[in-house]
Amino acid sequence: KLDDVFVTDGYRGKGVGTKMIAALKKELKKRKVGRIDTAVHKRNPGAARYYARLGFRPLGEERLALVL
């Protein structure tokens with residue numbers, strides 16, 4: 001589960017996030033992990049486009065949470 005990833009404004013658009021995801025994918029493949037799950041808030045279409053460009057696809061599932 002990929003959660004709470006953030007690239008500071010001054011580094012956005014410079015490939016930092018893409019390089020982080022590429023390194024993560026490489027490491028997870030070595031460890032035989034077959035899937036990365038993440039979530040994007042509905043009010044953050046930029047993040048949704050970013051993840052789509054990286055190959056992330058909707059699972060057709062609804063995320064659930066218990067907020068305390």
Side chain to side chain donor-acceptor pair (under 3.5 Å) partners for N44, two or more places apart: none
Hydrophobic side-chain clustering at under 4.5 Å (ILVMFWY, transitive links): who's grouped with V33? Put none if nobody. L2, V5, V7, Y11, V16, M20, I21, L24, L28, I36, V40, Y50, Y51, L54, F56
Just jot down the side chain to side chain donor-acceptor pair (under 3.5 Å) partners of R35, sequence neighbours excluded, or say none. D37
Could you list the residues that satisfy salt bridge (charged side-chain N to carboxylate O under 4.0 Å, His left out) with K30, not counting sequence neighbours? E27
K1 NZ: over 12 foreign heavy atoms closer than 6.0 Å: yes
Check: residues 60-68 side-chain donor-acceptor pairs under 3.5 Å, at least two apart:
none

What residues, two or more places apart in sequence or in another chain, satisfy salt bridge (charged side-chain N to carboxylate O under 4.0 Å, His left out) together with R49? none
